[in-house]
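In the text below, chain A, chain B and the rest are named by the order of the sequence lines, each starting its count at 1.
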Amino acid sequence: MVADIGFGSLMITLIVSIYGLGAAYYGQQNRKELWVLSAKRAMSLVFPLLTISVGSLIYLLLTDHFEIVYVTEVSSRSMPDYLKITALWGGQAGSLLFWSWLLAAFTSAVTLRKWDRDQDFLPWVIIVSLATLIFFLILNVFFENPFIQYWQTPEGIITAFSTPPGGVTIFPRDGGGLNPLLRHPGMIIHPPMQYLGFVAFIIPFSYAMASLITGRSDDRWIQLSRRWTLWAWLFLSLGLVLGARWAYDVLGWGGYWAWDPVEISALMPWLSGTAFLHSVLIQEKRGMFKQLTMVLIILTYNLVIFGTFLTRSGLLSSVHAFSKSAIGPIFLAFISLTLIISLVLLTRRWERLKSREVLTSFFSKEALIIISIVLLLGILVTSFWGVLFPKISEMVTGQKVTVGPPFYERVAAPIFGGMLLIMIICPLAVWSYASFKHLGKLLWKPFIVSMIGIALPLYGGLTHWAAVVAFWLISFVLAVNVFEFFRRTKIRRKNQNDSWGSSLLYILKKNRRAYSAMIIHVAVVLMALGIVGIEFFQTETQGTIPEGGELSLASYTMVFEKLDIFDTDDARNVARATVSVEKDGQIIDVLYPRRDFFYDSNQPMTIPGVRSTLVDDFYVILIDWKTISAEGATFKVYHNPLVKWLWIGAWIFIFGVVAATWPDKKTKLVPVRAK
Amino acid sequence: MKKILLWAGLVFLLLVLVVGLIRSQQGQVGIGEVAPDFELISFSGETYQISDFRGKVIVVNFWASWCEACKPEAADLEAAYKFYEPRGDVLFLGVDYVDTEPEALAYLEEFKITYPNGPDLRTRISQAFRITGVPETFIINQDGIIAHVQIGPFRSLEEIKSTIDPLLDL
Amino acid sequence: MTNRLRRILQLLTVTLLLSAIIPGYAMAQGSEPTDDEVNAIAKQLYCPVCENISLDACGTAACEQWRNIIREKLKEGWTEDEIKTYFVDQYGDRVMAEPPRRGFNWLVYIVPLLVFIIGIILLYRAFQIWRSPEPEIISKKNSKKSADKSTDEYINRVEEELRKRSKG
């Protein structure tokens, strides 16, 4: 019954979307505003309608309706309720429905704004958004229906939505449950955040398409989509960071990023999205690079679709990928369509987007942003090639190869170093102008301070030259930003005879965008600090020890005090080790690494015990593929210096982006094309 | 000029994706297809080239010592081998997939397997047959054509015989 | 016994005693490799079956067997390169973390390099173009579209003015 409601609502949403698309197109072609208005109303309905579908599926999950195939695949009786809800996105069909639902949230939300001034955008925004939604709904309705059931027929057991001839519903007693790796708080927030980041880019994309189709060459579409872009970028960045955090917490290899093809598919739209964000900045300030901005948003949107295609089509294998599915071919058709259409539009309007502005200096803000965009695209192109190459190699030579972390790190590390270099100059650079004298005056004091960044590591005995350079760059960027804050506050204070506090508040409010950007860059640099720490200086050790035994690593010693093995009431068998951490003979912490074995899915998972400080993380895992007993348990220990700064930087990053999106008091006036 | 490059790049990308997708959906070599020719060097050092055995029925069984599902059929395969051995026109070959030699030899010892077995060096053979897991067995007829594909273990000695007998007109 | 014989016997005894006292030279190869030594090599290899997982992090029984192979080979005195070559011969190129640099695989390294160089060249040329205003706007093919263009240019100019005034 509930499944019928859920699927019915899904179907209705599809029909309403198709109607909306048709109505918008008809209304636009024949200049009949009422049709466009009707299409807008239709588009505002898709979110409530899909909410019914999603609600139904959640209900079925929570009430253990195992006759529904999806529920059996991802849920089980012993799972706690919050995990049953997250199981909504635990498998292919449900996560596609979840994706459509989030997409619908954005498309419906965009109908809520006042459209009076931008009537010529509206039909095209509706058409592009609904076209995308329709594609994903088709996937759900015809290929990956989350509401299909098990039926016992004379031929055997089949799965279908409606009753087959001679079919009787089967009610399995229990399901297989979520993969243990997914039974973690990370599952609650990482996929939703990641999907939000992906789907949110449909809004700037549809505005861009609307602008291209209507032949405009002005900035209106950017102004309209600016806040959407920032939020999309925030969600996407958060999705990546949360994924990294989850990997660090649960996967047990003491790392946070494996350059796995699916991870890279999520990174690529972020790279072009970041480039897009910065290019938008130049276009708004100086009217330049409109072509580039358009290219970048088209690239970002297509990379999102491409990324989800790679993950779901079975083309790649990875720990992340969903199991093979029939949706591959139709996905490929959709990507081809979006790529071809956006490229055709772009090439037809290419000349119109040319600007007459000139670049006045290599060290102006525009020039620096262009260079950073090129660097970001450099990583993007390399990653794209690295992901595709194994398939190409297999096709041409028949040999399977792995393109792994060394390949990507070799390229990403120097490029990120280059970006740090740019981040040193960019808070000081001005639009359309630069002079070495001016920059030099502002740079010499932070430069002196940044020497600490070389002196300290060298004093501490560091010899790895790349790490020293990285530390120096990081301290330089931090120093430049701090000095800039001080300098501007001081000027304001001098001019107004104000206190430090109110001066600071004033300049923060007056040029919020610039300061949020500085905060965001500082946050990124702090994250770089964490990354440098763990990438260059991680050490590890592994050993099998009995109770009372110990392992030493990097001036710490862990002692295996005791082992407890017990069953929990949510169908897990837990082996928990009590481990004390000593330094210089003193016990400084007690950790509890454990191994959970899930009876319903017959799979284990390990949770490390971690002691995390600003200086380093001491990370202990109980190895679950060897016997765990008091006589001997195998531990793997990692020492990860500075990695906490990665997460601290991420928090500051969120703060910076939220500050950037905070609404302005005044709204800006812009000319509207006369009809 | 740039336009041509752009479109060429796009076409190339789509081509790669299409071919890649087709391949990933392909599945194993099927009944009726010509069996891929390969060379197997057994653990005891003998070389077997499939094309040399035209005129015989060849049973190619992919297994691994770490494969739990392979164990039920191991004894049956040996029994089938022993059954057809006096005739001399059925060849049994075991291809050890991505395995380690000590464990493989121990497995063969445990199930007392006497027909030739060898490692799938560089996974060439399994790639040629496009297997998706172990155990999988391919029965090749006297003309070198795939006559039967068994995904998963054989359930009984009778089942094995039922796939080979028709080829020998039994 | 002759002096010579005694001498020889003495020499033999001393040698025997010495070889009993000085331990390990013959036994060095037989010592059990530590987990860390095994992992140092396993880290650089990838699981032949499950994709994109390095051999030291993989928890399957098969991976445990492969790590034991590394352990055995280390015990026998194989070098790291010899062990890696063995794995490639047994399981193919995909166990390496990067495609081996030969034949077709060169493309994976060369293409990004080429793109990078092309990118730098394009950037340089773009900077040249951007630094000097384009004379071509008026000439060539777009005379038909000049009507549209002038409206766009008008809008652009108005926007520039407003930009200059509103942004602070």
Original post:
Which atoms of A:Thr606 come close to chain C, meaning under 4.5 Å heavy atom to heavy atom: side chain ones, backbone ones, both, or neither?
Top reply: neither
Original post:
Non-hydrogen atoms of chain C under 4.5 Å away: do they reach the side chain of A:Pro405, the backbone, both or neither?
Top reply: both
Original post:
Any idea which heavy atoms bring C:Arg67 and A:Trp625 closest together, and the distance?
Top reply: NH2-NE1, 2.7 Å
**OP:** Answer yes or no: are there more than 12 heavy-atom neighbours, outside C:Tyr109 itself, under 6.0 Å from its atom OH?
**Re:** yes
Original post:
Is chain A contacted by the side chain of C:Val108, its backbone, both, or neither, given a heavy-atom distance below 4.5 Å?
Top reply: both
Subject >> Contact leader toward chain A among C:Pro112, C:Ala57, C:Gly59, where contacts are heavy-atom pairs under 4.5 Å >> reply: C:Gly59
**OP:** Examine whether an atom of A:Thr397 lies under 4.5 Å from a heavy atom of chain C, and if so say whether it belongs to the side chain, the backbone or both; otherwise answer neither.
**Re:** side chain
Original post:
Any side-chain heavy atom of C:Arg94 within less than 4.5 Å of one from A:Val401?
Top reply: no
Original post:
Side chain, backbone, both or neither: which part of A:Asp624 has a heavy atom under 4.5 Å from chain C?
Top reply: neither
Original post:
Does some side-chain heavy atom of A:Gln542 sit less than 4.5 Å from a side-chain heavy atom of C:Asp56?
Top reply: no
Subject >> Heavy-atom pairs under 4.5 Å with chain C, option from A:Trp259, A:Phe407, A:Trp385, A:Phe384 with the top count >> reply: A:Trp385
Original post:
Checking heavy atoms, do the side chain of C:Phe104, its backbone, both or neither come under 4.5 Å from chain A?
Top reply: both
Original post:
With only heavy atoms counted, which part of C:Ile120 is less than 4.5 Å from chain A, the side chain, the backbone, both or neither?
Top reply: neither
Subject >> Atom pair CG/OG1 of C:Leu45 and A:Thr402 - distance to nearest 0.5 Å >> reply: 10.0 Å
Original post:
Which one, C:Thr34, C:Val38, C:Leu122, C:Asn105, leads in non-hydrogen pairs under 4.5 Å with chain A?
Top reply: C:Asn105
**OP:** Please indicate whether C:Arg101 has more than 12 foreign heavy atoms, meaning atoms of other residues, nucleotides or ligands, lying under 6.0 Å from its CZ.
**Re:** yes
Subject >> chain C contact via A:Phe389 - which portion, at a heavy-atom distance below 4.5 Å >> reply: side chain
Original post:
Which distance, rounded to the nearest 0.5 Å, do you find between the CZ of C:Phe116 and the CG of A:Leu377?
Top reply: 12.0 Å
Original post:
Under the side chain to side chain contact (heavy atoms under 4.5 Å, CB included) criterion, do C:Leu107 and A:Ile392 qualify, and how do the steps go?
Top reply: CA-CA 10 Å; C:Leu107 273 183; A:Ile392 297 177; over 6 Å; no
Original post:
C:Glu64 versus chain A, heavy atoms under 4.5 Å apart: side chain, backbone, both or neither?
Top reply: side chain
Subject >> chain C contact via A:Val374 - which portion, at a heavy-atom distance below 4.5 Å >> reply: side chain
Subject >> CG-CZ distance between C:Asp35 and A:Phe635, expressed to the nearest 0.5 angstrom >> reply: 12.5 Å
Subject >> Part of C:Cys63 lying under 4.5 Å from any heavy atom of chain A >> reply: neither
